[in-house]
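Contents: one structure, followed by commentary.
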Amino acid sequence: MKRIAGALTAFVRFSECCAVAVAMGAFSHLSDGRIRGLWPSCRITCDSAGCDEDGRHSYDVRFSQKLRPSLHLVHSGRFLSMLKRTHTCGELRAEHASQTVTLCGWVNTYRDQGKGLIFIDLRDRDGLTQVVFNLEYVAGDVVTAGRGLRREDVIAVTGKVRTRAGDPNPKLPTGEIEVVGDQLEVLNKAETPPILPDEYEAEKIAEETRLKYRYIDLRRKRMQHILRTRHRVTKIARDYFDEHGFTEIETPFLIKTTPEGARDFIVPSRMYPGQWYALPQSPQLFKQILMVAGCERYMQIVRCFRDEDPRADRQAEFSQIDLEMSFVDRDDVMAMMGGFIQTLWKQVLGMDIGDIPAITYRDAMERYGIDRPDLRFGLEITDVSDHAAKTEFKVFTNALAKDTGVVKAIRVPGGAEKLTRKMTDGYSEWIKTFKAGGVPVVKYTDKGFEAGIAKFVSPIEKELVERLGLEVGDSVLFAADTYAIATKALGELRNKLARDLDLIDETQWKFVWVIDFPMFEFDEETQRWYSLHHPFTSPRPDQFDQLESDPGGCLSTGYDLVVNGSEIGGGSIRMHQPHVQQKVFDMLGLSKEEAKMKFGFLLDALKYGAPPHGGIAFGLDRLVMHLVGTDNIRDVIAFPKTQTGADLMIQAPGSVAPEQLEELHVQSVLPEEAKQLHEHVPEVVDRG
RNA sequence: GGGGCGGUAGCUCAAUUGGUUAGAGUCCCGGACUGUCGAUCCGGUGGUUGCGGGUUCGAGUCCCGUCCGCCUCGCCA
């Protein structure tokens, strides 16, 4: 046994600098304070751990084999001591000049100027700081280590701050200064990274690769900013609602499947063979029960699960800021929640958004063709069915002959010039996505209607000009179909037009409450009513009578909060009287027995003193998306899933051992074609 | 379940009508350089063209199947 003289406080390294990190990485702390490690050719054990006043550890080290000749001590610093960080890479300014500091972080870039000089841009979550090593003045091992630095190495550097000897870099907040490196510890040498957390390149890298190496992607300034912003949103939410008397209460994840709504994720029960838990689509019923339980004001930032296909702004696993209040009506909830959104925008963006206006569902559908209208631009939709009926245009007359047939129009100011034939042809094709037949178009010039369907609509020129407020140079786009199809198609077309014609002022925030939703929607296919919101939404107090007499016309207390055409929250006043709730279940075709089986606990709870109550849930992911300006929900989730529900980093989902299935009383029954797929999954996911 | 786009070096991309040894930038490796800052300059390593099959004298390119990623319709109370 060879004992290294004295307390070992040294780096152990090869003469090649790159071995340092390997040697250090080979050690590990033991719980009793000793460290032990393996080295390719020698076993190293360390004990007698000591701790000095600065809290640094030092160790006696014995090598069980003779040291390889190439291994030698080159530095009498402290082994594993880690230079202690004094500042972050974002905070140093000219006024720190002449201070000695220690920075820790990742090597963002290195610029080796040759024999004399090495520049390192050191990055931590706070920013970048230039470190310069003047090789003439630093110790030999620092020269060696410094020259070996590569991107994403983790290092600690001690040195003196000074205003830059060269030109300042106006691109960096720390660009006036640099740290003159004196001591350098390579805390962890990085292998050549597959991707770089580089703002110049990162946005171009395939998302697939970014998701696989998420821990590198998240090092980027932008991703750090997003994670930080998300934290601030949840903090502001907790603070705001705490100040308003809300209590944060957790609700269970292992619950029971519910009828209607999205597909559930289900979890087999080990204790109850053949029975299943479901993951919550939202804590809806629990928060209502909490109101019955006298909590009065509840909030929770909670994960929800819906097993449906994801979209750019949708994940199967997502987060809500969930809220419920007792003894309130619709306006109380909207005022409280509007206040939250105002606070949020003020604190995160420094913006005053003012009071949030409201629009009825009916208005929204009529004027914007969608229940989440984007109010940053005009292009409102107008019903022209009555005039269209007077034309001999078959597309119009055939549509109007249908049950709920309508003809609707959008006036595009200046469209005669801005909308090319190619564009409008494109719209006709594109709109088929929404089952509409096409987009008839006409230009309005000083000679009247021209091009497109001019000859058909010229007879009603006067009426259309008046109805649509047409001016010379405008175009009119039509949709003729059933109410549902024409409305939706034109609503989508309106949004597309705004994007294509660059009519959207991206600096604006147009918030709006959508209210007075219908209680129910009739589904032709299944010939039954469905809740537009959910089956616990109360009708408006003045609409109770319509519940049975005119279910289609009965309005609910529901409200959605919409910003810039995106739904960021929705809620309602709930039914707190069991007989009203029962009536709604009746309407939905839920038998007494079924209702009792699925929601018996709720109906019971309502019987034993339920206060009037209502609430809302905000989509946390979407709020953050707006606040950081992204249209990709995966950007605002630290570890998101792909569109097929896979986690490319951990490679989930994965198979389980047969014993696990057995224990859960579950058998896999794969369709023939899936068996092959199943076998392929591991390789496919790992293909890089 | 349907429609669209994409998959070539670690990364970002190119490759003519199907035709020589699949190129470039970057990363990485080696060298030069004392004020750089997306450093520069010189040289070098690096390829199962997602996977499987087919057509062909010859396939990155054409055909069939399949997988993966993104967008989207349906779906998402």
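As the structure is a computational prediction, the values presented were derived from the model and not from experiment. Naming: A, B, ... by sequence-line order, numbering from 1 per chain.
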Students often get this wrong, so: under 4.0 angstrom with heavy atoms, is [X] touching a base, only sugar-phosphate, or nothing?
X: A:Lys488; value: sugar-phosphate
X: A:Ile118; value: nothing
X: A:Asp167; value: base
X: A:Lys171; value: sugar-phosphate
X: A:Pro535; value: base
X: A:Thr537; value: nothing
X: A:Ala316; value: nothing
X: A:Arg162; value: base
X: A:Asp198; value: nothing

How about [X] and [Y]: does a side-chain donor come under 3.5 Å of a side-chain acceptor?
X: A:Ser282; Y: A:Gln320; value: no
X: A:Asp322; Y: A:Tyr298; value: yes
X: A:Tyr110; Y: A:Asp153; value: no
X: A:Arg540; Y: A:Gln546; value: no

My understanding is that a pair needs two contacts under 3.5 Å, Watson-Crick or G-U wobble. By that rule, which nucleotide pairs with [N]?
N: B:C41; answer: B:G31
N: B:C75; answer: none
N: B:C70; answer: B:G4
N: B:G58; answer: none

Nearest-Å distance for atom pair [atom1]/[atom2], residues [X] and [N]:
X: A:Asp217; N: B:C11; atom1: CG; atom2: C1'; answer: 13 Å
X: A:Glu429; N: B:G3; atom1: CD; atom2: P; answer: 15 Å
X: A:Phe133; N: B:C33; atom1: CZ; atom2: P; answer: 20 Å
X: A:Asp647; N: B:C68; atom1: CG; atom2: P; answer: 15 Å
X: A:Ile633; N: B:C76; atom1: CD1; atom2: P; answer: 17 Å
X: A:Lys204; N: B:C13; atom1: NZ; atom2: C1'; answer: 9 Å

Determine whether a donor-acceptor pair (one donor, one acceptor, N or O, separation below 3.5 Å) exists between the side chain of A:Glu199 and the base of B:G38.
no
For a quick check, tell me whether the side chain of A:Arg306 and the base of B:C76 share a donor-acceptor pair closer than 3.5 Å.
no
Testing A:Lys221, A:Arg219, A:Arg220 for salt bridge (charged side-chain N to carboxylate O under 4.0 Å, His left out) with A:Asp217, which one passes?
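Between A:Asp217 and the candidates, salt bridge (charged side-chain N to carboxylate O under 4.0 Å, His left out) is satisfied uniquely by A:Arg220.
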Ring centroid separation A:Phe253 to A:Phe305 under 6.0 Å:
yes
Taking only residues two or more places apart in sequence, or in another chain, which ones meet A:Arg634 in a side-chain hydrogen bond (donor to acceptor under 3.5 Å, both in side chains)?
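A:Arg634 satisfies side-chain hydrogen bond (donor to acceptor under 3.5 Å, both in side chains) with A:Glu207, A:Asn632 once adjacent residues are dropped.
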OP1 or OP2 of B:A39 under 4.0 Å from side-chain N/O of A:Arg111:
yes
Would you list the protein and nucleotides 29-31 of chain B atom pairs, both N or O, that sit under 3.5 Å from each other?
| residue | atom | partner | partner atom | Å |
| --- | --- | --- | --- | --- |
| B:C29 | OP1 | A:Arg150 | NE | 3.3 |
| B:C29 | OP2 | A:Arg150 | NE | 2.6 |

Give each protein N/O atom lying under 3.5 Å from an N/O atom of nucleotides 70-72 of chain B, with the pair distance.
| residue | atom | partner | partner atom | Å |
| --- | --- | --- | --- | --- |
| B:C70 | OP1 | A:Gln643 | N | 3.2 |
| B:C70 | OP2 | A:Gln643 | N | 2.8 |
| B:C70 | O3' | A:Arg634 | NH2 | 3.1 |
| B:C71 | OP1 | A:Arg634 | NH2 | 3.1 |
| B:C71 | OP2 | A:Gln643 | NE2 | 2.8 |
| B:U72 | OP2 | A:Ala312 | N | 3.2 |

Distance between the C1' atoms of B:A32 and B:C68, in whole angstroms?
44 Å
